[in-house]
Amino acid sequence: MDVRRRPSKALRPAPKEPSSAPEPTGAKASDALPLPLYFTNALFFTLFFSVAYYLLLQWRDKIRNSVPLHVVTFSELAAILSLIASFIYLLGFFGIDFVQSFIARASNEAWDLIDEEEGEDHRHRLMSCSPSIADHIIPAVSSAEDEEIVDLVVKETIPSYALEEQLGDCKRAVRIRREALQRITRRSLQGLPLDGFDYGSILKQCCEMPVGYVQIPVGIAGPLLLDGFEYIVPMATTEGCIVASTNRGFKGIYASGGATSTILRDGMTRAPVVRFPSASRACHLKFFLDNPSNFQTLADEFNKSSNFARLQGVQCSIAGKNLHMRFSCTTGDAMGMNMVSKGVENVLAYLRNEYPDMDIISISGNFCSDKKPAAINWIEGRGKSAVCEAVIKEEVLKKVFRTNVATLVELNMLKNLAGSAVAGALGGFNAHASNIVSAIFIATGQDPAQNVESSHCITMMEAVNDGKDLHISVTMPSIEVGTIGGGTQLASQSACLDLLGVKGASKEVPGANSRLLAKIVAGSVLAGELSLMAAIASGQLVQSHMKYNRSTKDVSKVGS
Ligand code: ADP
């Protein structure tokens, strides 16, 4: 069975679906009104001040005419009710924030006073004795026993990192660590969620000493029509425009008949560095490794620790007495860093017997090269090397992108090729590949640090079909992705992989899922390049950023 599938129509984003999500707990009264916020605010302000003015005038007349104040007419009664209603609305809207900021300020001032006057001990006592102030900075732990543990962590009697192991309860450990952190720093973690996350799933795998999790919105773009199949692509980002722009690119590719992709190469690398007493001894090992007749011996050693890691080759580089050996292997559906490292360790153990004067300096000597810009990845590739192309029709360029072939070809030449050349770019011959790569990486549980080399991309554009249509391609030599291992097994990341039909290990062909994911990344980059370049060509870039990527909130109020 092919791992690819056509998502049903139901998976596609429906236009304007009413949200069934519950109201956020912090919802205000105004949220319920079907009117714009500024309109309801203006309405209630006007109502409040006009009825207040009216009532004051009425009461002044009553006092002048000696009419008792408690005798009210029907219109005065209506005015009083309107006054109360508008007061409640305004209090609900502005009052809650004011009261909260007032309490937070009061509690911070309380801490400053205590520190100045009575020292640290009293602070601890206040923490446990006066929840009315402390609770606004930190939520209380659930039991007296937890309270004691928090105290021990604050005093460093229990190391924070050991909580999971000592308590045997990940969530409780996180709650206690978080509480202790807030007490030590006197900074509130309010806003960083605690609940709603399976902390057991990251233990000894994804993150140490957790205190919560950061929320990143996931948008969807698509369908991407790639090699005859449709994919809805999840993208995790906080940069407005990225999803919308990629979606527009997908639309143009779809309308032009889709994109085609090819995986050129698939191999993860690890390059240890070893030292010899002389350069000639280092060269001796290099010649041994270069000799094809020794390959099988090396492969037998390398492959023995995994069912999926299969040695492809070793590339050597000499630096005086030092030898850098870049091992490359297939890794099934895993991104493969662990596998390749284990294989390299096996070979080094074997080589040490053959070369007793060899000194192993490091399992990684940066010739790999992981998470750093390096020409070796750009030229030789690392992970999956992919190329993806499409022919965009003239009418699609006009209708969807409001530009034309000649403008795009010229822009690509001056910006992505000449511009990047004068900038001395290394793999950066593109408009914004890393925007799309990192958004998909985060959504699908890839290592975001590998965005450095995974975003290497050269975007080419050429006029075809007598200059009427545009041939666009992206070539990406180092897409480092996996569908098993690392962050891919976490619930939300796994759901995003499932949406693409590439969750977990491929049952039929090991490596098919991760290769397909690399193709989807390349296809999405193709869409992103097309859309952004068109936006620049037609002068829409600034406009769309003003619309989608500009905070309407007063960010000057956000303090540090
Ligand atoms: P990485 O090498 O990317 O860090 P891990 O070594 O953490 O990945 O995870 C890969 C694990 O998944 C290995 O234990 C491997 O044996 C197992 N596995 C099961 N099926 C596959 C598959 N199809 N491809 C790769 N690994 C697989």
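All ligand and atom numbering here is 1-based and tracks the order in the structure.
Looking at K286 and D290, a side-chain N of the basic residue comes within less than 4.0 Å of a carboxylate O on the acidic one, giving a salt bridge. A salt bridge is absent between E380 and R265: the closest approach of a Lys/Arg side-chain nitrogen to an acidic carboxylate oxygen does not fall below 4.0 angstrom.
In summary, the atoms of ligand 1 found under 4.0 Å from a heavy atom of M335, numbered by their order in the structure, are 3 (O). The distance from ligand 1 to the heavy atoms of T331 drops below 4.0 Å at these ligand atoms: 24 (N), 25 (C). Near G485, meaning under 4.0 Å from any of its heavy atoms, are these atoms of ligand 1: 9 (O).
A ring-centre distance under 6.0 Å is found for Y355 and H284.
In terms of N/O distances under 3.5 Å, ligand 1 is not approached by S506.
Side-chain contact, S364 with S362: no donor N or O sits under 3.5 Å from an acceptor N or O.
The aromatic rings of W378 and F429 sit parallel to each other, their planes meeting at less than 30°, with 60° as the upper class boundary.
Protein heavy atom closest to atom 12 (O) of ligand 1, with residue, atom name and distance, is I484 CD1, 3.8 Å. Protein heavy atom closest to atom 8 (O) of ligand 1, with residue, atom name and distance, is A334 CB, 3.6 Å. Closest protein heavy atom to atom 3 (O) of ligand 1: G336 N, 2.6 Å. Ranking the protein heavy atoms by distance from atom 6 (O) of ligand 1 puts N338 CB, 3.5 Å first. The nearest heavy-atom contact from the protein to atom 26 (N) of ligand 1 is M339 CE, 3.3 Å. Residue, atom and distance of the protein heavy atom nearest to atom 22 (C) of ligand 1 are F308 CE2, 3.4 Å.
When the options K384, R382, K371 are evaluated for a salt bridge (charged side-chain N to carboxylate O under 4.0 Å, His left out) with E480, the one that passes is R382.
Within 6.0 Å of atom CD in E156, 12 or fewer heavy atoms from other residues, nucleotides or ligands are found, so the atom counts as exposed in its surroundings. Counting non-hydrogen atoms of neighbouring residues, nucleotides and ligands closer than 6.0 angstrom, the CZ atom of R310 exceeds 12 such neighbours.
There is a protein heavy atom less than 4.0 angstrom from atom 24 (N) of ligand 1.
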